[in-house]
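Just below is one structure, and these are the notes that go with it.
Along the sequence shown, the residues carry numbers beginning at 1. Ligands are counted one by one from 1 in listed order, and the atoms in each one are counted from 1 as well.
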Amino acid sequence: MGRITAERAQERGTLDSTAHAAVLQALGPADHVLPTVTDEIADLDLPGESPVAADTEADTEAGSGAGSAPVVVTDPEEFRALLRERAQAAGPEGTVGLVPTMGALHDGHSHLVEQARAENDVLAVSIFLNPLQFGPTEDLSRYPADLDGDLARLTDLGVDIVFAPGVEQMYPGGLPLIRVGSGDLGTQLEGASRPGHFDGVLTVVAKLFVLATGTGRPLQAYFGQKDAQQLLIVQRMVRDLNLDVRIRPVPIVRAPDGLALSSRNAYLNDDERAAALVLSRTLQALAAREVDLDQARHLIDTESIGQGPQTVELDYLTVVDPSTLAPADVAPGNLALVAARVGTTRLIDNWTL
Ligand SMILES: Nc1ncnc2c1ncn2[C@@H]1O[C@H](COP(=O)(O)OP(=O)(O)OP(=O)(O)O)[C@@H](O)[C@H]1O
Ligand SMILES: CC(C)(CO)[C@@H](O)C(=O)[O-]
Ligand code: BAL
C-alpha cells in the first residue's frame with residue numbers, strides 16, 4: 001500500500017489508525033516510498049508504486065463478519081500466522097476459504113467471494129499482481145489497480161483477511177529460482193500465446209496454498225471458470241503434488257449483454273467494448289449450432305471496431321475436452337475456448353457446449 005492509498009483508506013475507514021500508522025512507518029521517509037526491487041524484477045517494468053508494497057499491522061480485533069473491515073496483511077508470515085489463529089478459533093468443524101486475485105475487483109470477483117463466504121468460517125482474499133505470469137511485452141505496467149475500491153468491496157462482502165503483499169515480500173531477493181512447471185497443459189492455448197504464463201501462475205498459487213494450509217483446518221480455494229485453462233492446471237497441480245486444498249470452481253459472471261466480466265475490460269473504449277461482444281455472442285451461436293467452427297472464427301476475425309478498418313484479431317477459437325484440453329468435436333459437454341485482441345486488449349472467454 002502506498003502513502004496516498006493509505007491516506008485515502010484511512011479517510012474512508014478501511015484502515016484504522018493503528019494500521020495507517022504502521023503503513024507509514026513501513027513506507028519510511030516520504031522520498032523512499034517505492035519498494036526496493038531486484039534488477040531482475042525491475043527489468044519486468046513493474047508499476048512505479050505497487051498499491052500493496054508495505055506492511056500493515058494486523059488488527060486482530062477487526063474482520064469478524066460482514067460490515068467490519070478485513071485485516072490487511074502484507075507480510076507472508078503474518079498472513080500465515082493470522083490465518084492459523086483465525087482457523088483455530090473457528091473450532092474443529094471450521095473451514096478456511098481463499099480467493100486468489102490480482103486486484104481491480106469487479107462483480108465476477110464478488111461472486112467468488114460470496115460463494116467462499118457462504119462456504120467457510122474464515123475467509124481470506126489475496127491481492128497480488130504477480131509479475132511472474134506476465135511476459136515482457138504484456139500489460140503488467142498498466143494493469144488496473146484500485147486498492148481502496150477493492151477494500152471497500154471486500155468489507156461489504158464480509159472478508160476476514162486481505163493478503164496484499166508487495167513483489168519484494170512475495171519474492172524476496174528476486175524472482176524465484178525454483179518454480180512450478182505447468183507441463184504440456186501450460187504450453188498450449190493461453191500458454192502458447194503467453195509463454196511461461198502458467199508456470200508463473202502455478203508458482204504464486206502454490207506459494208499461496210503453502211501459506212494458507214497447515215492451519216489445522218481444511219482449505220478451499222476459489223477459481224473462476226472464465227480462466228478455464230488456469231482452473232484445470234491448478235486442479236492438476238493439486239492432484240499431482242498431493243496438495244491439501246479443495247478447488248472450488250465458480251461459473252462465469254457476465255455483464256447483462258453477455259460480455260464476460262474481466263479486469264481488463266477497463267482498457268476498452270466504447271467502440272471496443274461494443275466489438276468485444278462478438279466473443280460471447282459467437283460462442284453462444286456455436287453452442288446453439290447456428291454457426292460451425294469456421295464460420296464462428298470468421299465472425300470474430302472480421303468484427304469491426306467502430307467506423308474504421310480495424311477489426312478484432314482472433315488468437316484462437318477451438319473446442320476441447322474440458323478435462324484434458326485435447327481438441328474435440330463441437331459436441332455437448334465439450335468446451336469452446338476463445339482468445340482475441342480487441343484493440344490493444346487481449347480478452348478470453350469460453351462456453352460449455
Ligand atoms: N467474470 C468472471 N466470472 C467468474 N470468475 C472470474 C471472472 N473474472 C475473473 N474471475 C476469476 O477471478 C479470479 C481472479 O482473477 P483476476 O484477478 O485475474 O481477474 P480477471 O478479471 O480475470 O482479470 P484479467 O482481466 O486479468 O483476466 C480468477 O479465478 C478468475 O478466473
Ligand atoms: C490465480 C491468480 C490470482 C494468480 O496470480 C491469477 O492468475 C488470476 O487472478 O487469475
Ligand atoms: N486472470 C488471469 C490472469 C492473467 O491474465 O494474468
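Of all the atoms in ligand 3, the ones that sit under 4.0 Å from a non-hydrogen atom of Met102 are 3 (C), 4 (C), 6 (O). Residue contact check: Asp227 has heavy atoms under 4.0 Å from atoms 1 (N), 2 (C) of ligand 3. Interface of Pro100 with ligand 2, defined as ligand atoms under 4.0 Å from a residue heavy atom, comprises 3 (C).
Distance from atom 6 (O) of ligand 3 to its nearest protein heavy atom, with residue and atom name: Gln133 NE2, 2.9 Å. Here the protein heavy atom with the shortest distance to atom 10 (O) of ligand 2 is Gln230 NE2, 2.8 Å. Of all protein heavy atoms, the one closest to atom 9 (O) of ligand 2 is Met102 CG, 3.4 Å. Nearest protein heavy-atom neighbour of atom 23 (O) of ligand 1: Tyr143 OH, 3.0 Å. Atom 4 (C) of ligand 2 has Gln133 OE1, 3.4 Å as its closest protein atom, hydrogens excluded (heavy atom only).
Under 4.0 angstrom from ligand 1, the non-hydrogen atoms of Pro100 all belong to its backbone. Residue His111 does not touch ligand 1, judged by heavy-atom distances below 4.0 Å. Counting heavy atoms under 4.0 Å from ligand 1, residue Leu112 touches it through the side chain alone.
In this structure, Pro176 and Thr203 have side chains that are in contact, with non-hydrogen atoms separated by less than 4.5 Å.
Remark: Arg142 is positioned above the aromatic ring of Tyr267, its terminal NZ or CZ atom under 6.0 angstrom from the ring centre and at most 45 degrees off the axis.
Without hydrogens or angle criteria, Arg341 side chain to Thr344 main chain gives a donor-acceptor distance under 3.5 Å. Formation of a donor-acceptor pair under 3.5 Å by the Thr215 side chain with backbone atoms of Leu83 is not found in this model. Not a single donor-acceptor pair under 3.5 Å links the side chain of Lys226 to the backbone N or O of Val253. Under a 3.5 Å cut-off, the side chain of Glu290 and the backbone N or O of Thr282 do not form any donor-acceptor pair. Without hydrogens or angle criteria, Asp75 side chain to Glu78 main chain gives a donor-acceptor distance under 3.5 Å.
In this structure, Pro251 has a heavy atom closer than 4.0 Å to ligand 1. Distances shorter than 4.0 angstrom occur between a heavy atom of His197 and an atom of ligand 3. For the ligand labelled ligand 3, residue Arg264 lies inside the 4.0 Å heavy-atom shell. Distances from ligand 1 to the non-hydrogen atoms of His106 include at least one value under 4.0 Å.
Between the side chains of Gln225 and Asn350, no donor N or O sits under 3.5 Å from an acceptor N or O.
Selection from Arg194, Gln229, Lys226, Gln230 by nearest heavy atom to atom 4 (C) of ligand 3 gives Arg194.
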Please report the C-alpha distance between Tyr316 and Glu190 in whole Å, then the side-chain angles of each, then the deciding distance to 0.1 Å, and finally whether the side-chain hydrogen bond (donor to acceptor under 3.5 Å, both in side chains) criterion is met.
-> CA-CA 9 Å; Tyr316 59 80; Glu190 282 303 280; 2.6 Å; yes
